[in-house]
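Accompanying notes for the structure given below.
Order of the sequence lines fixes the chain letters, A, B, ..., with proteins taken first and strands second; residue numbering starts at 1 for each chain. A quick note: this is a predicted structure, and the numbers were derived from the prediction, not measured.
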Amino acid sequence: MIKNEAMKIVSQQEIAASIYELTLSGSLVSEMNQPGQFVHIKTGNGYEPLLRRPISISSIDKENNTFTMVYRAEGKGTSLLSQETNDTEIDVLGPLGNGFTPEAAISGGTTLLVGGGIGVPPLYELSKRLTKLGVNVIHVLGFQNAATVFYEEKFQALGETYITTVDGSHGTKGFVTDVIDKLSDSYTTIFACGPTPMLRALESAYKETKEVFLSLEERMGCGIGACFACVCHTAEDPTGFHYKKVCSDGPVFRAGEVVL
Amino acid sequence: MNMLNIKLPGLDLKNPIMPASGCFGFGKEFGNLYDLNILGAMMVKATTPEPRFGNPTPRVAETSSGMLNAIGLQNPGLKHVLKDELPWLNQFNVPIIANIAGSQVEDYVTVAGEISRASNVKALELNISCPNVKEGGITFGTDPDVARKVTEAVKAVSEVPVYVKLSPNVTNIVEMAQAVEAGGADGLTMINTLMGMRLDMKTGKPILANKTGGLSGPAIKPVAIRMIYEVSQAVTIPIIGMGGIMTAEDVIEFFYAGASAVAVGTANFTDPFVCPKIIEELPVLLKKLGYNHISECTGRSWNKHEQFANHRA
Ligand SMILES: Cc1cc2nc3c(=O)[nH]c(=O)nc-3n(C[C@H](O)[C@H](O)[C@H](O)COP(=O)(O)OP(=O)(O)OC[C@H]3O[C@@H](n4cnc5c(N)ncnc54)[C@H](O)[C@@H]3O)c2cc1C
Ligand SMILES: Cc1cc2nc3c(=O)[nH]c(=O)nc-3n(C[C@H](O)[C@H](O)[C@H](O)COP(=O)(O)O)c2cc1C
Ligand code: FES
């Protein structure tokens, strides 16, 4: 169930250049069940910024009633959020949307997790779930440069991990697809989250041969399915009036379900 | 004692607070968050004769204390609204105000004729002021003669009272209000969004795919207050006010300006529980200000103290 709670900051730290890891505690955690879901966060006090910010759930710790997000402080809202300190309360609405279904991967088989930049965080909880289900995971994570790389060791602890940077300052130079093209074809399923061009490339290359699940990003108003800000066309009816809402039908869709 | 009940044409409201059209869908999503029965009424998403997909995304952009939207009247079309959305809303004891839109007079007439016969639709809200559709929409809302004609045409077929939603994108709002009053409107709702634009810092291009969008939120409240202040003194039909309401204090200000009820739009995105919160806070605030009933606030900005109690239940 979707809840609204003032959740307490347990910790917040900058883990890479302008990348913050924020852990919050509260009873809302008990509603979080699926990796890839997100929360809608009110940043700052008052009317500016007016809209909430959608941020993915990166890991869930039910025992301690906490969950963690990883976000890039860039614009007005996320910059304000990054200045909040321990014990401050943050207004959280969530969990929202339909996330990844780890059950779609085959136990004993191999699954590929592909993340780009701030699309990497939701893959962490997903990877934890997958490994628990006995699925082998391979991670291919793309970043701008060495300074913005995060969670490399954490992913390594769960499975094979490849890092790419656009400028080549860490890992392989180039995009995630440069690494994936060279991987052996052992995996059956792909879960991905990141910039739309990356998702498009994965969809067109692997839609026919693999089970592919993509997490989309879109600008949002309500975050709960009421305002029609975040719609996309369905693949079956690409110019008609059939639609899916990224916030409430997604953000995760099977490749080929919606028009990217 | 009920301090909040209000009677308006077609509408017997337990309180004067309702979500504004387009910010609440057809209620289902917010119905998962709280009991919709507490609402005074509900203004549902614009309905057109045929389904509409609307504009390409991005459809929203944040602004200083506000937002731009260019949804483009996306809706599932009249048939679906009659078959699915309105029957679902029947479980609530809340009058529905059906927002109707189109690109030609016949569209409004088609939707009005059918939707006004749904049992829970107690009033229509003619959206002649949407800035986000290429044809129709805004031209109906900026030309007094056209506005009067579409009002007359809808009045001729509607089973329920007709409220006309005014656009603030005009030089003379009073002239528009008087034109639709002359066309037979039973009430006014105002204001719709103000046409605006935002540019991206990096690309220099508009953020919205539609380029322009409608500005809403606290940023537009002073415009709404001024327009309601002017119009309420120039017409005899009641006004449902909207535009930037975030708090119970804002509601009182709209009543002072001349509104008899209010709608809350964008605030539902900032705080999805804003409507129940305002409904709870209003009686406390009214008492603090020394009123026995919210209707005592209507038109206080221009009315002589003794003259009101209009529209009181
Ligand atoms: C489902 C979902 C999950 C996300 N998960 C994460 C995450 O885990 N970590 C992370 O760093 N970022 C994530 N994002 C992106 C994040 O929402 C934006 O970076 C953030 O909203 C930008 O806010 P700002 O205050 O920095 O920017 P501003 O420029 O102040 O934002 C202005 C407006 O534009 C919107 N906006 C700007 N960029 C984006 C964007 N890329 N996507 C959606 N809305 C945007 C803002 O929400 C706000 O309404 C996610 C987005 C979505 C849709
Ligand atoms: C996302 C969004 C969608 C809207 N859709 C409609 C609509 O379908 N019909 C309509 O008459 N007004 C629509 N409006 C306008 C609102 O009903 C309201 O008049 C306006 O936003 C001002 O109120 P606010 O500042 O409280 O949001 C929409 C506004 C927003 C923000
Ligand atoms: S953000 Fe409002 S419908 Fe998705």
Side-chain angles (χ1 to χ4, degrees), chain A residues 1-6 31 40-54 74-78 91-97 196 216-234 237-249 258-260, chain B residues 19 22-34 44-46 48 50-77 80 201 207-209 213 216-219 221 244 246-247 265-274:
Chain A
M1 214 179 92
I2 299 171
K3 284 196 173 149
N4 187 203
E5 187 181 0
E31 307 292 329
H40 223 188
I41 296 198
K42 173 77 176 83
T43 63
N45 301 312
Y47 299 165
E48 224 185 322
L50 187 67
L51 297 177
R52 290 171 177 267
R53 300 297 192 259
E74 201 174 20
K76 219 182 294 162
T78 52
D91 178 344
V92 180
L93 181 72
L96 304 179
T196 308
L216 273 54
E217 227 176 57
E218 190 51 78
R219 285 182 184 243
M220 293 183 176
C222 67
I224 60 172
C227 76
F228 291 98
C230 65
V231 299
C232 45
H233 284 285
T234 60
D237 185 20
T239 54
F241 55 80
H242 289 100
Y243 64 90
K244 295 279 177 188
K245 295 170 190 159
V246 172
C247 70
S248 53
D249 296 317
V258 298
V259 179
L260 293 179
Chain B
C23 301
F24 212 75
F26 290 88
K28 280 196 180 114
E29 295 78 16
F30 284 87
N32 290 329
L33 301 181
Y34 61 84
V44 292
K45 179 71 190 164
T48 53
E50 299 301 326
R52 277 179 68 98
F53 182 81
N55 291 322
T57 57
R59 292 176 169 186
V60 293
E62 196 177 51
T63 64
S64 299
S65 301
M67 68 177 282
L68 294 167
N69 90 80
I71 307 295
L73 297 181
Q74 177 157 25
N75 76 92
H80 178 88
M201 260 312 113
I207 292 177
L208 297 174
S216 64
K221 198 184 88 179
M246 302 288 285
T247 64
T266 305
N268 290 291
F269 306 160
T270 310
D271 178 1
F273 295 91
V274 66

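- For chain A, the option among A267(B), C23(B), A61(B), P272(B) with the highest count of heavy-atom pairs below 4.5 Å is P272(B).
- There is no contact between P56(B) and chain A, counting heavy-atom distances below 4.5 Å.
- In this structure, Y47(A) and T270(B) have side chains that are not in contact, with every pair of non-hydrogen atoms separated by 4.5 Å or more.
- Ranked by heavy-atom pairs under 4.5 Å with chain A, the list A219(B), P58(B), P218(B), P76(B) is led by P218(B).
- Under the 4.5 Å side-chain criterion, counting only non-hydrogen atoms from C-beta, L208(B) is not in contact with R219(A).
- Between F269(B) and C222(A), the shortest heavy-atom distance links the atoms CD2-CB, 3.6 Å.
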- [ ] Give the C-alpha distance, both sets of side-chain angles, the deciding distance and a yes or no for side-chain contact (heavy atoms from CB on, under 4.5 Å) between E62(B) and L50(A).
- [x] CA-CA 7 Å; E62(B) 196 177 51; L50(A) 187 67; 4.3 Å; yes

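- Interface remark: F26(B) contributes no atoms to any contact with chain A (heavy atom separation under 4.5 Å).
- You'll find the side chain of F30(B) reaches within 4.5 Å of the side chain of I224(A), heavy atoms only.
- In this structure, CZ on F228(A) lies 13.5 Å from CG on N55(B), to the nearest 0.5 angstrom.
- For L93(A), the part lying under 4.5 angstrom from a heavy atom of chain B is the side chain only.
- Between F241(A) atom CZ and H80(B) atom NE2 the span is 10.5 Å, to the nearest 0.5 Å.
- Residues E29(B) and C227(A) fail the side-chain proximity criterion, which asks for heavy atoms closer than 4.5 Å.
- More than 12 heavy atoms of other shown residues, nucleotides or ligands fall within 6.0 angstrom of atom CD in E31(A).
- K28(B) does not touch chain A: none of its heavy atoms, backbone or side chain, sits under 4.5 Å away.
- Among the candidates G46(A), G225(A), G77(A), the residue making the largest number of heavy-atom pairs closer than 4.5 Å to chain B is G225(A).
- Residue with the most contacts toward chain A among S64(B), G217(B), G66(B): S64(B) (heavy-atom pairs, distance under 4.5 Å).
- The choice from A229(A), C232(A), S248(A) that makes the most heavy-atom pairs within less than 4.5 Å of chain B is A229(A).
- Taking CG of D271(B) as the start and CZ of R52(A) as the end, the distance is 6.5 Å to the nearest 0.5 Å.
- Rounding to the nearest 0.5 Å places OG1 of T63(B) at 8.0 Å from CD of E48(A).
- Although no hydrogens or angles enter the test, the distance criterion places no donor-acceptor pair under 3.5 Å between the side chain of T57(B) and the main chain of C230(A).
- V231(A) and F53(B) make their closest contact through CG2-CZ, 3.8 Å (heavy atoms, listed as atom of the first residue, atom of the second, distance).
- For a residue to count as touching a neighbouring chain, one of its non-hydrogen atoms must lie under 4.5 Å from one of that chain's; by this rule H233(A) touches chain B with backbone and side chain alike.
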